[in-house]
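Each remark here refers to the structure printed beneath this line.
None of the values given here were measured: they were computed from a predicted structure.
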Amino acid sequence: MLKTEELKAEIRRMCEEKGAIILAHYYTIGDIQDIADFVGDSLALARKAAETDAKIMVMCGVHFMAETCKLLSPDKMVLCPDLEAGCSLADSCKAEDLKKFKEEHPGYQVISYVNTTAAVKALTDVVVTSGNAKKVVDQLPKDAKLIFGPDYNLGNYINEVTGRNMLLWNGGCHVHERFSVEKIIELKKQYPNAVVMAHLECKGPVLAVADVKGSTATMLNYAQQHDDKQYIVATEAGILHEMQRTCPYKEFIPVPPEISESGLECSCNECQYMKMNTLEKVYDCLKNESPQIEIDPEIAIDAVKPINRMLELS
C-alpha cells in the first residue's frame with residue numbers, strides 16, 4: 001500500500017505519462033484538491049471540460065459531473081474514480097417523471113440545474129448552475145413559461161430576484177436542506193463580527209439570514225476580495241480547504257451538523273458522495289483507465305445542447 005505522498009507523486013506521474021488532467025470539485029477531500037490540475041464549481045468545471053486538450057479527464061466529483069465532461073468532450077476518455085458517487089439532488093428528478101411533467105405543461109421551457117443526469121438534460125432547454133442561474137433566466141423572454149428543476153430552493157430564490165413565476169420541481173440537496181437558522185444564530189452569537197455565507201441550495205430562511213448568498217465560487221471570491229476576518233459558511237465543508245488555502249489568515253467556521261430526532265448529530269455539512277473520491281481510487285482509475293463514462297449516443301445528442309446554450313448565455 002502506497003503512502004499518501006507516494007500516491008500523489010504516482011498520480012501526477014501517470015497524468016504526465018498519459019496526457020491526463022484531474023478535475024476536482026470544491027467539495028472533494030483536500031488531498032484530491034491538492035493534486036488536481038483544476039479545482040472549481042460546476043460551471044468552472046464544465047468550461048474546463050469543454051476547452052481542455054487533454055486526452056484523458058479524471059472527474060473527481062459526482063457522477064453527473066463526469067457525464068457533463070463526456071457530453072462536452074465526447075472524443076476524450078472521461079474517468080470517474082467511483083461510479084457510485086451519485087447525487088441526492090439529481091436522484092430527486094428522474095427523466096421519466098420530468099417527461100410526464102412536461103407533457104402535463106405544454107408550451108413550457110425546461111431549465112434544469114446542472115445537478116441532473118444526462119437523460120434529464122436531454123429533456124431540457126437550458127442548463128444552469130447556481131453561479132449563473134439568474135444571468136441565464138434574465139436573458140429569457142419575460143413572458144416565457146418556465147419549469148425549473150430539480151432544486152426547489154434555488155428555483156425559489158431565482159423567482160424572488162427575477163420576479164419570475166417559474167414552476168418549481170420539488171427536489172433538494174440532502175446536505176443543504178439540513179442547514180438551520182438556529183445553528184447559524186448560535187454561531188453568530190459566538191462570532192458576532194463574522195460574515196454569514198450560504199449556498200443558494202439552502203432553504204429560504206437560511207438565505208434570509210446570510211450576508212453573502214451564492215455559489216461556492218461566489219463565496220470563495222468574496223472571502224478573497226474582502227477584509228473581514230471571520231466567515232460562517234453554510235455549504236458543504238469541502239470548500240473550507242480552498243478558502244483556507246487562499247486566505248490563510250482568515251477563519252472559516254462551518255455551520256455544524258444539526259441534531260436529529262434521535263438526539264444524535266448527523267453529518268449534514270459533508271456530502272458522502274463527494275467523499276467517495278479518494279487518492280487510492282484516483283490512482284486505480286488512472287492506472288487501469290477505468291471506470292470510463294459512456295453515454296447513450298441518442299441521449300448525448302440532445303443532452304449536450306442545453307449545456308452549450310448555458311455556456312453561450314453565461
Side-chain angles (χ1 to χ4, degrees), residues 11 14-15 18-28 32 35-91 93-96 98 110 112-132 150 271 273-274 276-278 281-314:
I11 288 169
M14 285 192 287
C15 282
K18 294 172 179 276
I21 63 168
I22 297 173
L23 306 179
H25 193 276
Y26 289 129
Y27 294 163
T28 53
I32 285 180
I35 53 100
D37 295 275
F38 184 80
V39 182
D41 64 0
S42 296
L43 177 58
L45 291 169
R47 285 177 171 153
K48 193 68 177 180
E51 68 185 26
T52 185
D53 57 1
K55 297 177 181 177
I56 300 172
M57 280 184 274
V58 181
M59 180 63 246
C60 298
V62 291
H63 191 268
F64 79 79
M65 295 178 179
E67 279 191 333
T68 300
C69 290
K70 186 65 176 179
L71 288 169
L72 290 168
S73 295
D75 297 329
K76 300 184 186 302
M77 182 187 298
V78 177
L79 303 175
C80 181
D82 193 326
L83 291 176
E84 297 301 313
C87 172
S88 60
L89 183 52
D91 288 344
C93 184
K94 305 295 185 185
E96 56 269 27
L98 178 59
V110 176
S112 286
Y113 196 25
V114 70
N115 299 45
T116 46
T117 64
V120 166
K121 289 181 175 71
L123 297 168
T124 296
D125 293 284
V126 61
V127 166
V128 296
T129 70
S130 55
N132 68 12
C271 173
Y273 299 116
M274 287 286 186
M276 291 172 74
N277 293 274
T278 65
K281 290 176 183 176
V282 174
Y283 171 85
D284 287 342
C285 82
L286 260 174
K287 180 180 179 180
N288 302 320
E289 297 184 2
S290 174
Q292 295 185 29
I293 294 295
E294 299 294 343
I295 302 173
D296 184 322
E298 291 187 6
I299 290 177
I301 289 173
D302 291 325
V304 74
K305 294 176 184 177
I307 303 174
N308 285 329
R309 190 178 179 201
M310 171 190 74
L311 295 174
E312 292 167 2
L313 294 176
S314 60

>> Quick one, Val282 with Ile22, criterion side chain to side chain contact (heavy atoms under 4.5 Å, CB included). Give me CA distance, side-chain angles, the key distance, then yes/no.
In response: CA-CA 9 Å; Val282 174; Ile22 297 173; 4.0 Å; yes
> Should Thr124 and Thr116 be marked as a side chain to side chain contact (heavy atoms under 4.5 Å, CB included) after you check the CA-CA gap, both sets of side-chain angles, and the distance that decides it?
Replying inline: CA-CA 10 Å; Thr124 296; Thr116 46; 5.8 Å; no
>> Under the criterion side chain to side chain contact (heavy atoms under 4.5 Å, CB included), I'd like the reasoning laid out for Met310 against Leu313: C-alpha separation, chi angles, the key distance, then a yes or no.
In response: CA-CA 5 Å; Met310 171 190 74; Leu313 294 176; 6.0 Å; no
> Under the salt bridge (Lys or Arg N to Asp or Glu O under 4.0 Å) criterion, do Lys305 and Asp302 qualify, and how do the steps go?
Replying inline: CA-CA 6 Å; Lys305 294 176 184 177; Asp302 291 325; 3.5 Å; yes
>> With side chain to side chain contact (heavy atoms under 4.5 Å, CB included) as the criterion, how do Leu72 and Asn308 come out once you've worked through the C-alpha distance, each side chain's angles and the decisive distance to 0.1 Å?
In response: CA-CA 8 Å; Leu72 290 168; Asn308 285 329; 3.6 Å; yes
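When every heavy atom of Ala44 is checked against every heavy atom of Gly40, the shortest pair comes out as CB-CA, 4.3 Å. Considering every non-hydrogen atom in both Asp91 and Lys94, the closest pair reads O-CE, 3.4 Å. Between Val120 and Ser112, the shortest heavy-atom contact is CG1-OG, 3.9 Å. Closest non-hydrogen pair, Lys18 versus Lys287, comes out as NZ-O, 3.9 Å. In plain terms, the two heavy atoms of Thr28 and Asn277 that are nearest each other are CG2-ND2, 4.2 Å.
Looking at Asn288, its side chain does come within 3.5 Å of a backbone N or O of Asp284 through a donor-acceptor pair. Using modelled atom types, no side-chain atom of Ser73 and backbone atom of Lys76 make a donor-acceptor pair closer than 3.5 Å.
No side-chain heavy atom of Asp41 sits less than 4.5 Å from a side-chain heavy atom of Thr129. You'll find the side chain of Tyr273 stays beyond 4.5 Å of the side chain of Glu84, heavy atoms only. Residues His25 and Val39 have side chains not in contact (no heavy-atom distance under 4.5 Å, counting atoms from C-beta outward). The shortest side-chain heavy-atom distance between Tyr113 and Ser130 falls under the 4.5 Å cut-off. A heavy-atom distance below 4.5 Å is not found between the side chains of Cys15 and Ile21. Side-chain contact between Cys285 and Ser290 is absent, with no heavy atoms from C-beta onward closer than 4.5 Å.
In this structure, CD1 on Ile11 lies 9.0 Å from OH on Tyr283, to the nearest 0.5 angstrom. The SG atom of Cys69 sits 9.0 Å away from the CD1 atom of Ile293 when rounded to the nearest 0.5 Å.
Every salt bridge (Lys or Arg N to Asp or Glu O under 4.0 Å) that Asp82 has, sequence neighbours left out, goes to Lys281.
Partner of Val127 under the side-chain contact (heavy atoms from CB on, under 4.5 Å) criterion, out of Val110, Leu43, Val114: Val114 alone.
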Which donor-acceptor pairs under 3.5 Å do the side chains of residues 45-67 make with protein atoms, sequence neighbours left out?
from	atom 1	to	atom 2	distance (Å)
Arg47	NH2	Ser314	O	2.7
Thr52	OG1	Ala54	N	3.1
Glu67	OE1	Ala118	N	2.8

